[in-house]
Enquirer: 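First the structure, which I've put down as structure tokens, then a few questions once you've had a look.
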Number of protein chains: 2
Amino acid sequence: MSANDNEVALLIRKLERLARLEQADKEALRGLPLRTQRVPADHYLVQEGDVALECCVLLKGYACRHKMTRSGDRQVVSFHVQGDILDLQNLLLSRADHSVQTVSPATIGVVPSSVLKDVADRHPRIKDALWRETLIEAAVFREWVLNVGRRNAIARISHMLCEFALRSQQGGISSPEATVFPFTQDLVADATGLSVVHTNRVIQELRASGALRAGTSRIEIGDWEKLLSIGEFDPHYLHAAA
Amino acid sequence: MSANDNEVALLIRKLERLARLEQADKEALRGLPLRTQRVPADHYLVQEGDVALECCVLLKGYACRHKMTRSGDRQVVSFHVQGDILDLQNLLLSRADHSVQTVSPATIGVVPSSVLKDVADRHPRIKDALWRETLIEAAVFREWVLNVGRRNAIARISHMLCEFALRSQQGGISSPEATVFPFTQDLVADATGLSVVHTNRVIQELRASGALRAGTSRIEIGDWEKLLSIGEFDPHYLHAAA
DNA sequence: CGTAGGTTTGACTGATCTCAAGTTTGGTGG
DNA sequence: CCACCAAACTTGAGATCAGTCAAACCTACG
């Protein structure tokens with residue numbers, strides 16, 4: 001049992017949800033030279049335009065990806081939780097088209113892209129798992145385009161919260177109601193394409209309706225079913241079942 | 001030289017732009033049992049929720065993918081041109097999370113997902129090419145989230161037109177100005193998350209500025225540089241260079 | 001116990017939407 | 001070759017959702 005078994009266990013569990021792995025596959029993953037590293041909140045892991053030669057696994061904490069408009073408006077395009085592989089795309093694309101940033105203090109496992117690519121090349125089931133992850137990510141992006149393009153503010157915010165609740169719960173046991181959102185309202189605004197002011201007003205509306213818990217300035221789920229319904233949330237696009 | 005060499009040549013050219021293929025890889029592709037089929041415009045190739053057991057290659061014509069809101073609002077999430085592989089995701093995901101529809105009369109090549117998957121399994125360079133395609137698609141979706149989430153109507157429409165012009169030109173020789181857009185204004189609206197009425201007004205504005213050609217009711221580029229600039233268009237996210 | 005970051009409020013503005021008519025265009029059958 | 005029709009495009013007017021600006025107000029943390 002090597003030193004980074006605990007870290008790698010997370011990664012293995014994640015990939016097992018994506019494809020059936022055999023002993024040899026898991027051995028190969030355990031052999032990855034994963035360099036763990038703690039980083040503060042709001043720390044950039046990748047900047048748009050970088051040539052990234054490494055891949056990060058998010059071992060603890062939260063992160064997001066975002067892009068910016070010429071005028072500096074920010075759009076968050078995805079959130080990431082424990083176990084997610086940030087920047088899988090570095091394996092095959094050379095230049096980052098977006099930034100990756102922590103949203104909370106985090107621990108990451110860093111591995112050279114070439115090493116991971118090599119492991120994937122020698123273990124087709126691992127490659128399939130990673131490819132499948134890419135496909136699911138693409139499905140999530142499609143849903144975001146719909147969310148941001150066609151839903152009004154209240155449905156948009158609700159939908160985004162539902163997705164995060166489910167994803168942060170994936171493989172866990174506790175209920176959606178217990179979700180801890182690492183979001184400032186600013187972040188929510190940037191993820192939904194709204195202004196902070198309007199985001200604040202809509203969150204208050206969600207609190208008044210009971211969908212979010214009232215009497216706190218944090219975002220907490222009050223009524224999961226109600227939030228699902230306001231957000232028109234249907235989880236099939238997450239392709240969660242292996 | 002088998003009967004479907006011409007059709008497969010398109011596919012091979014596409015994949016060669018994505019990864020270095022060897023003779024054996026190309027042979028395998030030529031061996032694909034590609035059943036060609038002509039379909040009219042507005043024909044559904046996949047419906048959201050389908051379990052699709054086949055993969056389509058778009059041999060001629062145009063297609064798009066879209067999703068719908070509960071209330072029936074449509075959001076187009078991508079456009080496709082000659083050579084594109086529609087629904088690569090069927091190789092690893094079972095249920096379609098979106099619909100695929102032709103935008104013009106089209107010719108498609110149909111191949112069972114399992115056969116293509118099998119070829120990919122036995123030819124790692126082909127699998128890499130397909131994976132890379134998935135990654136690029138994801139990058140395009142990210143840009144769409146930004147486009148729809150943070151750009152105003154005129155930039156949004158311009159950006160979308162720039163992307164299509166470039167993609168429909170890929171591998172070709174003619175200039176962006178010569179692009180033929182197979183779009184109704186309704187489609188443009190659904191791709192940008194705007195209403196048809198506003199889309200119409202913005203297109204008129206683009207014509208008045210010279211970015212689009214005036215004096216026609218079709219969408220034609222008038223001034224490519226201007227359109228790029230209005231759309232804040234930077235093609236790096238297309239990862240076009242192999 | 002001061003401060004910075006985050007949240008909330010108010011007042012006003014404006015981009016985009018909706019509804020409801022037209023008008024033009026391209027394709028089809030006589 | 002023309003008349004007709006449906007689909008696509010335009011236009012106008014009024015409504016509204018969401019944005020902006022600017023000022024407080026919390027509250028966690030040093």
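Residue numbers start from 1 in every chain, and the chains themselves are labelled A, B, ... in the order their sequence lines are given, proteins ahead of strands.
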Enquirer: Under 3.5 Å, side chain of A/Asp223 to main-chain N/O of A/Glu225, donor-acceptor pair present?
Expert: yes
Enquirer: Output side-chain donor-acceptor pairs under 3.5 Å for residues 38-48 of chain B, partner residues at least two apart or in another chain, one line each.
Expert:
from	atom 1	to	atom 2	distance (Å)
B/Tyr44	OH	B/His66	NE2	3.3
B/Glu48	OE2	A/His236	NE2	3.3

Enquirer: Taking side-chain hydrogen bond (donor to acceptor under 3.5 Å, both in side chains) as the test, write out the residues that go with A/Asp87, two or more places apart.
Expert: A/Gln89
Enquirer: Keeping B/Thr184 on the side-chain end and B/Leu187 on the backbone end, is there a donor-acceptor pair under 3.5 Å?
Expert: yes
Enquirer: When the C1' atoms of the five terminal pairs at each end define the local axes, what inter-axis angle does the helix from C/dC1-D/dG30 to C/dG30-D/dC1 show, to 10 degrees?
Expert: 40°
Enquirer: Between B/Gln75 and B/Thr69, do the side chains contain an N or O donor and an N or O acceptor separated by less than 3.5 Å?
Expert: no
Enquirer: Kindly write out the residues that satisfy side-chain hydrogen bond (donor to acceptor under 3.5 Å, both in side chains) with A/Thr134, not counting sequence neighbours, or none if the list is empty.
Expert: B/Trp131
Enquirer: Can you give the first and last nucleotides of DNA chain D, 5' to 3', that have an atom under 4.0 Å from a heavy atom of chain A?
Expert: D/dA18 to D/dC21
Enquirer: Taking A/Lys67 for the side chain and A/Asp97 for the main chain, is one N or O donor matched with an acceptor at less than 3.5 Å?
Expert: yes
Enquirer: By the side chain to side chain donor-acceptor pair (under 3.5 Å) test, which pairs, at least two apart or in different chains, include something from residues 144-157 of chain A?
Expert: A/Glu143-A/Arg151, A/Trp144-A/Glu163, A/Asn147-A/Arg151, A/Arg150-B/Asp190, A/Arg151-A/His159, A/Arg151-A/Glu232
Enquirer: Heavy atoms within less than 4.0 Å of DNA chain D: which residues of residues 141-149 of chain A have one? Give them sorted by number.
Expert: none
Enquirer: Run the side-chain hydrogen bond (donor to acceptor under 3.5 Å, both in side chains) test against A/Ser168 and tell me which residues pass, sequence neighbours left out.
Expert: none
Enquirer: With the sugar-phosphate defined as primed atoms, P, OP1 and OP2, and the base as all remaining atoms, what B/S/- string results for nucleotides 7-16 of chain C, 5' to 3', for protein heavy atoms under 4.0 Å?
Expert: SSBBB----S
Enquirer: Name all residues meeting the salt bridge (Lys or Arg N to Asp or Glu O under 4.0 Å) criterion together with A/Arg70; count only those two or more places apart in sequence or in a different chain, and write none if there are none.
Expert: none
Enquirer: Which pairs would a plain distance check flag for residues 202-212 of chain B, meaning a side-chain donor or acceptor within less than 3.5 Å of a matching protein atom at least two apart in sequence or in another chain?
Expert:
from	atom 1	to	atom 2	distance (Å)
B/Gln204	NE2	B/Asn200	OD1	2.4
B/Arg207	NH2	B/Arg218	O	3.1
B/Ser209	OG	B/Leu206	O	2.9
B/Ser209	OG	B/Ala211	N	3.3

Enquirer: Could I get the full list of salt bridge (Lys or Arg N to Asp or Glu O under 4.0 Å) partners for B/Lys60, not counting sequence neighbours?
Expert: none
